[in-house]
Protein chains: 4
Amino acid sequence: MSRDPKRIPSMVKNRRLVEKRRRQIIRGACDLFVRKGFHKTTTREIARECGLSIGTMYEYIQSKEDVLYLVCEYIHSELEKRLKKALAEAGTGREGLTRAIAQHFKVMEEMSDYVLLIYQETKSLPREAMSYVLRKEEEITSFFEEILKRGIADGTLILDPSTVKLMAHNIMVLGQMWTFRRWALNGDYSLEEYTRCQTALLLDRMQPSEHGREMT
Amino acid sequence: MSRDPKRIPSMVKNRRLVEKRRRQIIRGACDLFVRKGFHKTTTREIARECGLSIGTMYEYIQSKEDVLYLVCEYIHSELEKRLKKALAEAGTGREGLTRAIAQHFKVMEEMSDYVLLIYQETKSLPREAMSYVLRKEEEITSFFEEILKRGIADGTLILDPSTVKLMAHNIMVLGQMWTFRRWALNGDYSLEEYTRCQTALLLDRMQPSEHGREMT
Amino acid sequence: MSRDPKRIPSMVKNRRLVEKRRRQIIRGACDLFVRKGFHKTTTREIARECGLSIGTMYEYIQSKEDVLYLVCEYIHSELEKRLKKALAEAGTGREGLTRAIAQHFKVMEEMSDYVLLIYQETKSLPREAMSYVLRKEEEITSFFEEILKRGIADGTLILDPSTVKLMAHNIMVLGQMWTFRRWALNGDYSLEEYTRCQTALLLDRMQPSEHGREMT
Amino acid sequence: MSRDPKRIPSMVKNRRLVEKRRRQIIRGACDLFVRKGFHKTTTREIARECGLSIGTMYEYIQSKEDVLYLVCEYIHSELEKRLKKALAEAGTGREGLTRAIAQHFKVMEEMSDYVLLIYQETKSLPREAMSYVLRKEEEITSFFEEILKRGIADGTLILDPSTVKLMAHNIMVLGQMWTFRRWALNGDYSLEEYTRCQTALLLDRMQPSEHGREMT
DNA sequence: TATGAATGAGTTTTCATTCAT
DNA sequence: CATGAATGAAAACTCATTCAT
């Protein structure tokens, strides 16, 4: 779909090397950004952390913002990858959705810091890069739209078509909520409990049958 | 409850004046932070925006972070105030909850930029200030816990006590979602539609009755 | 005439102070630029030389190029001032021109380093500033056009009107030549000799002698 | 005469190759220096422009300043070559001088950008290289001294021997003036007009006319 | 109290040059 | 000989904070 990840120019020709060095940069920068935030991290720190001299680092990027973009892009593609894999295993319909949600939440747990990072620093990206990142977010969200639509099609989910998109976003947000409300939820709920409750909340409404459901 | 809004020292003794000047600072800084973010706003800009000289401004704060704290605190207390007022009018039980949610969402709409700001910049606060802000957030959340508990008590809401807290957070987050997913939702849903759908989602699960309802 | 010396903004309000500090900056920078050239002089050196901290210096300029502009403008206005004064005393007609040329050459001698500087660094100015400087140069040149015209009018100079401008430029350039060919001329000619010869060269052609010649 | 063009060492032994590569370097660098100036041109750009890798380029030079020297030397020898050729054709005496001046001015027109370049960047050369370049300039100037002397000898030019040198410099400078005052002269004079006027100015003084004048 | 000029540590970024392959 | 990735010193510029008036 959105096949245009803003290409960041590099002074270095060797493709392989560029890939490798950028992975280094991303790894180092991710940690630092998570720990200190984008603005409080200096380029020299990033260089040191990823084992390059600043000079060398700047052979692979054009500006500090490029590093942020690289990091955001990486996180999003990682999320996408993991989610895609999870969804592939999940199957379809109601059952599939249940598993998909659980997988999504699991991914959120694993990527907790990174998701938080994206939420807090996306705004620091330059316009163009930011809209790419948001498009990516929407793309990921649409995975859930697909599952919901298939569930509607096979009759295992009851849902007004106009609310499909909203529901997909709800699923995304309730997953992310596990990362950015950790400080409030962590003491009271385990990921399993959290998943069970939120799944019930989301799925009960889409129940095709007329009788009893339980929450816990 | 949380009666300890980190006291920010001022060089100026006159209480009245301090209050007045800080209101000026908050108003100016809010706009700037929303527009450009905390880090990209300079103290000079803040001073200019709020009609003080930098020297004067620094008579009322100790550091730039203090301004952020002041702003966050202001936004939270504004949110709290509005929500409290809304909840006071909302009444109790199921009916009350419906109205409370609608009010909450309306407040989110009104305070959209500010809510977003808090979400993105809270991390920039120094430890102590940050935990105060988070505590405040939890406090606001607990308003909904109260309503839910009262609903359970009067039998108009069915909900496992262990999920009360989670539900309260869900309500908060689904409200905030209207601000930080605006870019994705705005085209497809009006605030009214959004409110109706999310309310249905949230309340259906707590329905004490045994029979079918619709979403739209 | 060209009443628009590109106004360079300053962070500091106090006009007097701005004037004073900029004079400091110009003085320090002039020396350094003459000695090392614009590009090989660092902003820190300029600041040190003029007794300001870099921070302070940057309160009065926006960029290093501004310093160059300030310096060029200063030199030009100094040249203009001295030349104007000289020309005012010079009187009119053939006599006046002789004295004007001598004064001009004297000014070139005095301002030798600065004239050289302008010749070598004007190109480093940003477009807008450069064209202002060139306009100024043309303006100064036109002083000589005026004298020539007056000489033609009063009959003490014979010159085809179409060559007035060229002659004015010649006078300018033969003056500047004393600065940028110093390395070659200094050993062989004193300023007096130089002046006498060049004046003869320039004026003989314009002699209203009994057996009139024409130029074209 | 000045047979000591500062030898620039090269890592490469093959003479032929060194010559060839340096010609490449000069060609690329000339264009860039004219367009952007020496300091604003990077070594990478030079290498790219002349089709070498930086590594390779540095096999043939020792520093960026070497490139400037190479360029200046090239321009000067080109000027010398063309002027020599022109002067050879020009003949001697008054007639010859007239033609020589016209040829010189024509060369200035052709080499306009390069002459300008030399005037602005010579100062950026390291001491030794600079004095070589200046010596070269003097050498070229002395061509005109020769012509003048021959003119004096054959009686077609009247000129005090002590002013020969000055006149030669004047001829040089009035030619160069066509390049560095282009911005002011171009609109008003064609090269032909310019040449005619300046030649008249220069030669009239040296006229062996019937009622001899002297220069003092 | 109010002001705003002064400060300089700290930031991002560039680029001439080297050297292992 | 040719290559181009690596280097890091050095550059321009910023900005939170202070303090004399």
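Residue numbers begin at 1 in each chain, while the letters A, B, ... track the order of the sequences. Quantities reported herein were computed from a predicted structural model and do not represent experimental measurements. Only heavy atoms go into these numbers, but all of them, side chains included; no hydrogens, no water, no symmetry mates.
Between the CD1 atom of Ile61(C) and the C1' atom of dA12(F) there is a distance of 10 Å, given to the nearest Å. Between the P atom of dA12(F) and the CG atom of Leu68(C) lies a distance of 13 Å, rounded to the nearest Å. Taking atom CE on Met57(A) and atom P on dA9(F), their separation rounds to 16 Å, with Å as the unit. At whole-Å resolution of the value, CD in Glu59(C) and P in dA16(F) are 12 Å apart. Between the P atom of dT14(F) and the NZ atom of Lys64(B) lies a distance of 15 Å, rounded to the nearest Å.
Annotation: proximity of residues 15-23 of chain D to DNA chain F (heavy atom, distance under 4.0 Å) is found for Leu17(D), Arg21(D), numbered in ascending order. Contact check of residues 24-54 of chain B against DNA chain F (heavy atom, cut-off under 4.0 Å) returns Thr41(B), Thr42(B), Thr43(B), Ile54(B).
Here chain B contacts DNA chain E (any atom closer than 4.0 Å to a heavy atom, that is under 4.0 Å), and the contacts span dT1(E) to dA5(E) from 5' to 3'.
A salt bridge links Glu65(D) to Lys40(C): one of the charged nitrogens lies within less than 4.0 Å of a carboxylate oxygen.
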Check residues 54-62 of chain A and write down every donor-acceptor pair under 3.5 Å in which the side-chain atom is one partner and the other belongs to a residue at least two apart or another chain.
from, atom 1, to, atom 2, distance (Å)
Thr56(A), OG1, Ser53(A), OG, 2.8
Glu59(A), OE1, Arg44(D), NH2, 2.8
Glu59(A), OE2, Arg44(D), NH1, 3.4
Glu59(A), OE2, Arg44(D), NH2, 3.2

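Partners of Ser131(D) according to the side chain to side chain donor-acceptor pair (under 3.5 Å) rule, which considers only residues two or more places apart in sequence or in another chain, do not exist here. Legend: residues meeting side chain to side chain contact (heavy atoms under 4.5 Å, CB included) with Ser77(C), ordered by chain and number and at least two apart, are absent. A search for side chain to side chain contact (heavy atoms under 4.5 Å, CB included) contacts involving Val34(D) returns Asp113(D), Tyr114(D), Leu117(D), not counting sequence neighbours. Applying the side chain to side chain donor-acceptor pair (under 3.5 Å) test to Lys36(A) and every residue at least two apart in sequence or in another chain returns Glu45(A). Remark: Phe38(B) pairs with Phe33(B) by the ring-ring contact (aromatic ring centres under 6.0 Å, His included) rule, at least two apart or across chains. The side chain to side chain donor-acceptor pair (under 3.5 Å) search around Glu19(B) returns none, not counting sequence neighbours. Scanning for side chain to side chain donor-acceptor pair (under 3.5 Å) contacts around Asp31(C) gives an empty result, with sequence neighbours left out.
Scanning both residues, Cys72(B) and Ile118(B), for their nearest heavy atoms gives O-CD1, 3.9 Å. Contact detail for Val18(B) and Val12(B): the closest heavy-atom pair is CG2-O, 3.5 Å.
Ranked by how close their nearest DNA chain F nucleotide is to the 5' end, Gln62(C) and Val12(A) are led by Val12(A). Taking for each of Asn14(B) and Ser63(D) the nucleotide of DNA chain E with the nearest heavy atom, the 5'-most of the two is the partner of Asn14(B). In this structure, Glu65(D) and Glu65(A) both approach DNA chain E, and ranking their closest nucleotides by distance from the 5' end singles out Glu65(A).
Atom OG1 in Thr122(A) sits 10.0 Å away from atom CD in Gln120(A) (nearest 0.5 Å).
No side-chain donor-acceptor contact under 3.5 Å links Arg27(C) and Gln24(C).
The number of heavy-atom neighbours closer than 6.0 Å to NZ of Lys20(C), taken from other residues, nucleotides and ligands shown, is 12 or below.
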Whenever both distances are under 3.5 Å in a Watson-Crick or G-U wobble pair, mark it; put DNA chain F into dot-bracket that way, with [ ] for crossing pairs and | when the partner is on another strand.
.||||||||||||||||||||

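Nucleic acid contact class of Met11(A) (heavy atoms, under 4.0 Å, all strands): sugar-phosphate only.
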